[in-house]
Student: 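I'd like to ask you about the structure that follows.
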Number of protein chains: 2
Amino acid sequence: MSDDTRSRILAAAGAIFADCGFEAATVREICRAAKANLASVNYHFGDKETLYLETIKLAHTLKTQQTPLPPWPPNTAPEEKLRVFVRTMLQRMLGQHDLCWTSRLMTREMLQPTLASKPLVEEFIRPQFDMLLSILDEMLPPATALHRRQKIAFSIIGQCLHYRISGEFVAILIPEDERRAGFSIDDLEEHIVNFSLAALTELARDPAHSWKYTPHGKA
Amino acid sequence: MSDDTRSRILAAAGAIFADCGFEAATVREICRAAKANLASVNYHFGDKETLYLETIKLAHTLKTQQTPLPPWPPNTAPEEKLRVFVRTMLQRMLGQHDLCWTSRLMTREMLQPTLASKPLVEEFIRPQFDMLLSILDEMLPPATALHRRQKIAFSIIGQCLHYRISGEFVAILIPEDERRAGFSIDDLEEHIVNFSLAALTELARDPAHSWKYTPHGKA
DNA sequence: AAGCGTATAATACATGTGTTTGAATCTCTC
DNA sequence: GAGAGATTCAAACACATGTATTATACGCTT
């Protein structure tokens, strides 16, 4: 039963921290939501801050075990891998409403990094990022500079992330009926993969960029 | 001089609200930063919340007048318009360190919408969004469905926004020397425009998508 | 059944918060 | 220059929060 209230507190804290942020969330609210006594957070975790860190660790764990890096069959086409990657990312961020506090929590960490950010990136984000890079490797000319591959990776990640971060703004910009019609997770997956593969195809076809783009309007 | 402290408070509040969020920011800290008395916030604004709303309005105003929708010469190529659009967006979000609290504030509103979000979107975001849509209109097959154009617009916006939102994570992922070498605003502008134009070119060249992508892995 | 360690509960305390107050100071008009 | 209104200031208030303390109930060994 000790473990019971402990994990109840963790779950409640996850959702509330994700909603309100560390400072705005109150121990009292968390305990009320967890149906636990006010003192239990102090008993089980010492103080509010280590409860927060513990919550982030949990988000970590849940995320990785809930959607592990999928092991592809040996000869999977990189296009297919990219599709699965995008799908997984969107699913993690927009699907699973009961567990989506994990991504909201990570989003908060992005915006306002705490001490937990660095290990979070190293243990959870970087493997994903490297995997995306390796997928791109298979589709790009072998001599493509590292920083180019990184920026392409960020372009793909940014497209996915946008619907988590700016979801509320999207909801205001696009009327609901239209949103239901063309902005389901499947729709977004199709679009992002289409868009990104189109870009990669064209970049591979014409690495010199026929429209001769140059930075400062002197084109 | 009344107006002086009033605007000093507004400026300080903007930066601090952007850094800490509404709840975590304290009136005392704001007044200390503004070199104003603690009571002045209440005298000039009534309470903390209307100070916050006033701050958002100011962010609004500053942003629109600082980088107004640029009026293109009549026959500007859409590619060039897109370039300027992306550049403006990046510049607003990453450049101008003294005024970048405005975009951080808006980012916060995205993540945790308040009552101010809706007017913010309608008055400030939607015009930009519509302008981007009209630029895309010039480059896409005329029959392109609205929701496709919207998603393409979000793909471009998402790429730009990513460096504001996840900037800290990018900073951890990419070692500093590499970051300096390939992730300046100019570099990002070039990449995002390249990537997006490549996608648009390929989508226009082959609207049926030669790699025959279909959503559920049955390709 | 007694005693012990553990988990929970209710309460108390110190601190920091937004807000208010009333006097002091400044600014401008007459 | 005097007075009235506007503005600033230091201090205080009421309240909510994180944390600590104490007491009680439970499960387990002996």
Student: With distance as the sole test, does S166(B) use its side chain to make a donor-acceptor pair with the main-chain N or O of F169(B) at under 3.5 Å?
Tutor: no
Student: Answer yes or no: is there an ion pair linking E138(A) with K81(A), defined by an N-O contact shorter than 4.0 Å?
Tutor: yes
Student: Heavy atom of residues 14-22 of chain A under 4.0 Å from DNA chain C: which residues?
Tutor: none
Student: Would you mind writing out the side-chain donor-acceptor pairs for residues 51-59 of chain A within the sub-3.5 Å range, not counting sequence neighbours?
Tutor:
| unit_1 | atom_1 | unit_2 | atom_2 | d |
| --- | --- | --- | --- | --- |
| Y52(A) | OH | E109(A) | OE2 | 2.7 |
| T55(A) | OG1 | L51(A) | O | 2.6 |

Student: Answer yes or no: is there a donor N or O on one side and an acceptor on the other, between the side chain of R126(B) and the main chain of V121(B), under 3.5 Å?
Tutor: no
Student: If I take atom CG in residue D47(A) and atom P in nucleotide dT15(C), what distance separates them, rounded to the nearest angstrom?
Tutor: 17 Å
Student: Distance-only check: which donor-acceptor pairs under 3.5 Å involve side-chain atoms of residues 15-28 of chain A, not counting sequence neighbours?
Tutor:
| unit_1 | atom_1 | unit_2 | atom_2 | d |
| --- | --- | --- | --- | --- |
| D19(A) | OD1 | R104(A) | NH1 | 2.2 |
| T26(A) | OG1 | E29(A) | N | 2.9 |

Student: Could you tell me how far apart D4(A) (CG) and dT6(C) (P) are, to the nearest whole angstrom?
Tutor: 19 Å
Student: Look at the side chain of Q159(B) and the backbone N and O of S155(B), then say whether any donor-acceptor pair between them is shorter than 3.5 Å.
Tutor: yes
Student: Any side-chain N or O of H44(A) below 4.0 angstrom from OP1/OP2 of dT8(C)?
Tutor: yes
Student: Name every residue in residues 32-39 of chain B that has at least one heavy atom under 4.0 Å from any atom of DNA chain C, in order of residue number, or write none if there are no such residues.
Tutor: L38(B), A39(B)
Student: Using a 4.0 Å heavy-atom cut-off across all strands, classify T26(B) as base, sugar-phosphate, or nothing.
Tutor: sugar-phosphate
Student: Please state whether the base of dG18(D) and the side chain of R28(A) form at least one donor-acceptor pair under 3.5 Å?
Tutor: yes
Student: Taking D4(A) first and then R8(A), would you say they form a salt bridge - that is, a charged N and a carboxylate O separated by under 4.0 Å?
Tutor: yes
Student: Please work out whether the ring planes of Y163(A) and F183(A) are parallel, tilted or perpendicular, with thresholds of 30° and 60°.
Tutor: tilted
Student: Across the strands shown, which category fits A25(A) at heavy-atom distances under 4.0 angstrom: base, sugar-phosphate, nothing?
Tutor: sugar-phosphate
Student: Between T5(B) and dT8(D), does any side-chain N or O lie under 4.0 Å from OP1 or OP2?
Tutor: yes
Student: Of all the choices, dT17(C), dT7(D), dA20(D), which nucleotide is nearest to the side chain of Y43(B) once you look at every atom?
Tutor: dT7(D)
Student: Strictly below 4.0 Å, heavy-atom distances to any atom of DNA chain D: list the hits from residues 48-59 of chain A, or just say none.
Tutor: K48(A)
Student: From the list dG18(C), dG18(D), dT20(C), which nucleotide is the closest neighbour of the side chain of N42(B)?
Tutor: dT20(C)
Student: Using atom CD1 of I9(A) as one end and atom C1' of dA9(C) as the other, report the distance to the nearest whole Å.
Tutor: 13 Å
Student: Say you draw a straight line from NZ of K63(B) to SG of C100(B); how long is it, rounded to the nearest 0.5 Å?
Tutor: 8.5 Å
Student: Rounded to whole Å, please give me the gap between CD in E23(B) and C1' in dT17(C).
Tutor: 12 Å
Student: Does R180(B) have any salt bridge (Lys or Arg N to Asp or Glu O under 4.0 Å) partners at least two apart in sequence or in another chain, and if so, which?
Tutor: E176(B)
Student: Main chain of L94(B), side chain of R164(B): is a donor-acceptor contact present, judged purely on distance under 3.5 Å?
Tutor: no
